[in-house]
Amino acid sequence: MTSQHHTIHVAVGSENKAKVKAAELALVKMFPGATIHVYAAKAESGVTTQPMSDEESIQGATNRARAALLSRDDVMYGVGMEGGVGQVSGRWYECGWIAVVDREGKVGLGSTARFELSSKIMEHLHKGVELAEVMDLLSGQQDVRSGEGAMGLLTNGLLPRPDVYSQGLIFAFSQFISPKIYWQ
């Protein structure tokens, strides 16, 4: 990473405070010295409210990133973030998938770390309840998704959603920020 002394405009395809904060955290690390503007853009995922596979989550993140890119003329990158669950070896896990789209249409993908969901939580999800609603119900808090998220609650505050999603966003940006020799 080299020091960047210019302005970076990025739109996040969500008005969720945790996702916008994740973008801010990641962009400051990726573009040190740059003036960074992050805009929240209302964007539809085009998938179910609780994606139940990686493929569905990736599609939702990509749809959000494309919509975010189109939300403003000055935006260099559109970012989409979509949390979802998936089954691996009979156990259920949650992770966030992140897509980055630039003005040339190039798409970068990354994800957060995965964490296991209990059968108690999965009972609700299989009935069509969104994870955010389940976590609000179980924790007694409101709007957990805009703060520490399920990942923050399940790690006892050690890994809040903005921190974890910022890492996934850096992975999604990898082909935009790393030497081209790795990609061409």
Side-chain angles (χ1 to χ4, degrees), residues 10-30 36 38-65 67-68 79-100 109-174:
V10 175
V12 176
S14 177
E15 296 176 314
N16 181 299
K17 293 173 189 170
K19 292 179 180 182
V20 173
K21 178 70 173 172
E24 292 167 349
L25 291 170
L27 291 162
V28 166
K29 287 182 180 179
M30 290 185 288
I36 297 178
V38 178
Y39 308 101
K42 188 170 185 161
E44 296 298 321
S45 69
V47 298
T48 61
T49 57
Q50 181 55 69
M52 297 296 284
S53 70
D54 286 342
E55 293 79 12
E56 188 179 10
S57 300
I58 290 167
Q59 186 61 58
T62 304
N63 291 346
R64 287 180 187 275
V79 172
M81 302 181 193
E82 191 71 30
V85 301
Q87 193 172 36
V88 179
S89 299
R91 298 176 116 163
W92 287 91
Y93 298 86
E94 199 278 347
C95 83
W97 279 96
I98 294 93
V100 176
L109 294 173
S111 75
T112 67
R114 294 178 184 270
F115 61 96
E116 188 172 6
L117 296 173
S118 68
S119 58
K120 180 177 187 173
I121 292 171
M122 287 309 302
E123 284 179 32
H124 293 279
L125 298 186
H126 287 305
K127 292 177 183 171
V129 181
E130 190 176 354
L131 180 60
E133 296 170 22
V134 176
M135 299 315 293
D136 285 354
L137 174 72
L138 294 177
S139 70
Q141 298 178 34
Q142 291 184 357
D143 198 26
V144 168
R145 76 173 82 204
S146 294
E148 65 182 323
M151 48 191 55
L153 288 175
L154 295 175
T155 62
N156 203 27
L158 295 173
L159 295 171
R161 191 176 197 194
D163 293 356
V164 176
Y165 269 59
S166 71
Q167 294 172 357
L169 181 55
I170 292 170
F171 283 131
F173 257 101
S174 62

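Side chains included, hydrogens not; waters and symmetry mates left out as well; all remaining heavy atoms used.
Two residues are said to be in side-chain contact when any heavy atoms from C-beta on lie closer than 4.5 Å; Leu125 and Met122 meet this criterion. Taking 4.5 Å as the limit, some side-chain heavy atom of Leu117 sits within range of a side-chain heavy atom of Phe115. Residues Leu153 and Gln141 meet the side-chain proximity criterion, which asks for heavy atoms closer than 4.5 Å. Side chains of Trp92 and Ile121 form no contact here, defined as non-hydrogen atoms less than 4.5 Å apart. Annotation: side chain of Leu131 is in contact with side chain of Gln50 (closest heavy-atom distance under 4.5 Å). Two residues are said to be in side-chain contact when any heavy atoms from C-beta on lie closer than 4.5 Å; Asn16 and Arg161 meet this criterion.
A distance of 14.0 Å separates OG of Ser146 from NZ of Lys21, quoted to the nearest 0.5 Å. Taken to the nearest 0.5 Å, the CD1 atom of Ile170 stands 10.5 Å off from the CD1 atom of Ile98. In this structure, Lys120 NZ and Leu138 CG are separated by 5.5 Å, a value rounded to the nearest 0.5 Å. Atom CE of residue Met30 and atom CG of residue Leu25 lie 10.5 Å apart, to the nearest 0.5 angstrom. One finds the CE atom of Met135 at 4.0 Å from the CG atom of Leu154 (value rounded to the nearest 0.5 Å). Here SG of Cys95 is found 7.5 Å from OH of Tyr165. Values are rounded to the nearest 0.5 Å.
Of all heavy-atom pairs between Ala40 and Ser14, the closest is CB-O, 3.3 Å. Between Ser57 and Pro51, the closest heavy-atom pair is OG-CB, 3.4 Å. Residues Phe171 and Gly110 share a closest heavy-atom pair of CB-CA, 4.0 Å. Here the shortest heavy-atom pairing between Ala65 and Ala99 reads CB-O, 3.6 Å. Across all non-hydrogen atoms, the minimal contact from Ala68 to Ala41 is CA-CB, 4.3 Å. The shortest non-hydrogen separation linking Ala26 to Ser166 is CB-O, 3.5 Å.
Remark: side-chain polar atoms of Lys19 are not paired, donor with acceptor, to backbone N or O of Val12 under 3.5 angstrom. Thr112 contributes a side-chain N or O that, together with a main-chain N or O of Gly96, makes up a donor-acceptor pair within less than 3.5 Å.
Atom OH of Tyr39 has more than 12 neighbouring heavy atoms from other residues, nucleotides or ligands inside a 6.0 Å radius.
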Could you walk me through whether Val134 and Lys127 satisfy the side chain to side chain contact (heavy atoms under 4.5 Å, CB included) test, starting with their C-alpha distance in whole Å, then the side-chain angles of each, then the deciding distance to 0.1 Å, before giving a yes or no? CA-CA 11 Å; Val134 176; Lys127 292 177 183 171; over 6 Å; no
Tabulate below the donor-acceptor pairs under 3.5 Å that side-chain atoms of residues 82-90 make, not counting sequence neighbours, or state none.
from: Glu82; atom 1: OE1; to: Arg64; atom 2: NE; distance (Å): 2.6
from: Glu82; atom 1: OE1; to: Arg64; atom 2: NH2; distance (Å): 3.4

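If you check the side chains of Asn63 and Gln59, you find a donor sitting under 3.5 Å from an acceptor.
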